[in-house]
Amino acid sequence: MTKLIDNFNRHINYLRISVTDRCNLRCVYCMPKEGLSLIGHEDILRYEEILKITKIAAKKGISKIRITGGEPLVRKNIISLISDINRIDEIEDISITTNGVFLKKYASKLKKAGLKRINISLDSLEKNKYSEITRGGCLDDVLTGITEAKLNGFNPIKINFVPLKGINDNEIATIAKLTMERPIHIRFIEFMPVNVQNEWNNDHYIPSKKIKNELEKIAPLLPVERKEHTGPARMFQFLNAKGQIGFISPLSNHFCDSCNRLRLTADGKLRTCLFSDKETDLKTPLRNGCNEKELEEIITTAILNKPEKHKVLDPSFEKCHRGMSSIGG
Ligand code: SAM
Ligand code: SF4
């Protein structure tokens with residue numbers, strides 16, 4: 001298989017595809033309550049365009065795909081896209097990040113379409129608080145969705161939890177302890193106040209180290225050897241626990257030197273860094289009829305310009321204009 005190596009010797013093999021910037025929830029740390037100015041219908045990449053880009057990227061060395069959004073399960077016929085991507089020879093792994101609300105309906109279809117792994121975002125186990133954080137979401141829908149995913153053989157289920165000071169930090173120990181008896185992975189993702197849409201600032205930020213210190217008061221956390229799909233998370237386990245605990249620390253312990261990712265936004269822009277608004281437009285050349293070779297060259301040039309690291313902690317850093325819901329996290 002072709003290996004795509006960038007200027008900083010990183011092997012680029014992972015493409016995250018945001019299929020929509022729309023969402024059925026309005027998480028307080030992700031979207032303003034009135035929602036965001038949504039990308040016009042005409043500007044959203046059509047499935048055949050996403051497939052074309054994915055096939056070219058796959059030829060260049062992309063073997064892992066994650067479908068994200070907005071909420072990917074709100075896009076019509078999402079199962080057909082997943083199934084088509086799964087049929088691309090070079091694609092070895094296809095996964096999804098979802099808020100889980102529609103998993104009850106889709107888990108079995110996702111499995112049949114060839115989806116390998118599911119990450120579910122869940123920031124509270126308390127009904128009212130879940131509803132507050134998501135501005136109206138129903139906790140039971142997500143819990144039912146998780147059960148359905150398990151019943152359909154998705155294992156392990158990975159739960160993304162964004163710890164927010166003064167909001168859900170009282171639940172960190174409770175959710176971590178779930179891993180003692182269940183084969184789930186709880187991944188604590190540092191809150192990133194990096195988009196202009198964030199009404200929030202650093203007041204809610206909790207560094208991973210602080211969480212780890214708190215959890216170590218419960219029981220020692222033993223490091224888990226890295227596996228192929230661990231991604232940027234540093235994984236640990238309570239002694240004899242069935243599940244695992246991960247820390248994703250883009251701010252306090254960035255992982256730029258091993259970043260293998262590209263991101264395709266719902267309106268067809270290729271982003272080589274989550275925290276940089278420098279994007280390469282793929283949709284316009286695609287719609288203007290450029291051929292495969294030309295598109296391949298555009299993608300290669302973008303990758304060769306992938307920044308060495310993010311600048312979030314530089315005093316000169318300016319917040320990104322695109323919100324997480326349109327980049328896909
Ligand atoms: N709607 C899906 C979901 O919530 O899982 C997929 C898209 S969402 C943008 C992807 C991930 O980004 C979620 O796990 C969410 O918690 C995370 N996220 C969104 N905004 C964030 C922020 N400001 N800081 C940290 N994580 C964020
Ligand atoms: Fe929607 Fe996911 Fe953003 Fe929540 S985190 S508002 S579920 S896109």
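Basis for what follows: all heavy atoms, side chains included, without hydrogens, waters or symmetry-related copies. Predicted model, so just to flag it, every value in this text is computed and none were measured. All ligand and atom numbering here is 1-based and tracks the order in the structure.
Ligand 1 has an N or O atom lying under 3.5 Å from an N or O atom of Y29, backbone or side chain. In terms of polar-atom proximity, N119 is not counted as a contact of ligand 1, lacking any N or O under 3.5 Å from an N or O of the ligand. For T98, a nitrogen or oxygen atom sits less than 3.5 Å from a nitrogen or oxygen atom of ligand 1, counting backbone and side chain alike. In terms of polar-atom proximity, defined here as any N/O pair under 3.5 Å, T68 makes no such contact with ligand 1.
The closest protein non-hydrogen atom to atom 2 (Fe) of ligand 2 is C23 SG, 4.5 Å. Distance from atom 3 (Fe) of ligand 2 to its nearest protein heavy atom, with residue and atom name: C30 SG, 2.5 Å.
Listed for the K306 side chain is a donor-acceptor partner under 3.5 Å among the backbone atoms of T272. Proximity of a side-chain donor or acceptor of R75 to a complementary backbone N or O of T20 within less than 3.5 Å is not detected. Under a 3.5 Å cut-off, the side chain of R10 and the backbone N or O of C256 do form a donor-acceptor pair. Side-chain atoms of T300 come within 3.5 Å of backbone atoms of E296 as a donor-acceptor pair (strictly under, hydrogens ignored).
I65 has its side chain within reach of I17: a pair of non-hydrogen atoms, C-beta onward, lies under 4.5 Å apart.
Relative to atom 7 (S) of ligand 2, the option among N24, N99, V74 with the closest non-hydrogen atom is N99. Evaluated by nearest non-hydrogen atom to atom 24 (N) of ligand 1, the leading choice among E71, M192, H204 is M192. Between atom 6 (C) of ligand 1 and the options P163, G329, G70, the minimum heavy-atom separation is to G70.
With F236 as the aromatic partner, K212 meets the cation-pi criteria of under 6.0 angstrom to the ring centre and within 45 degrees of the ring axis.
For residues 144-174, the pairs satisfying ring-ring contact (aromatic ring centres under 6.0 Å, His included) are F161-F188, with sequence neighbours left out.
In this structure, CG on N13 lies 4.5 Å from CG on N260, to the nearest 0.5 angstrom.
Under the 4.0 angstrom criterion for non-hydrogen atoms, G70 is in contact with ligand 2.
Here C27 meets the criterion, with an N, O or S atom under 2.8 Å of atom 4 (Fe) of ligand 2.
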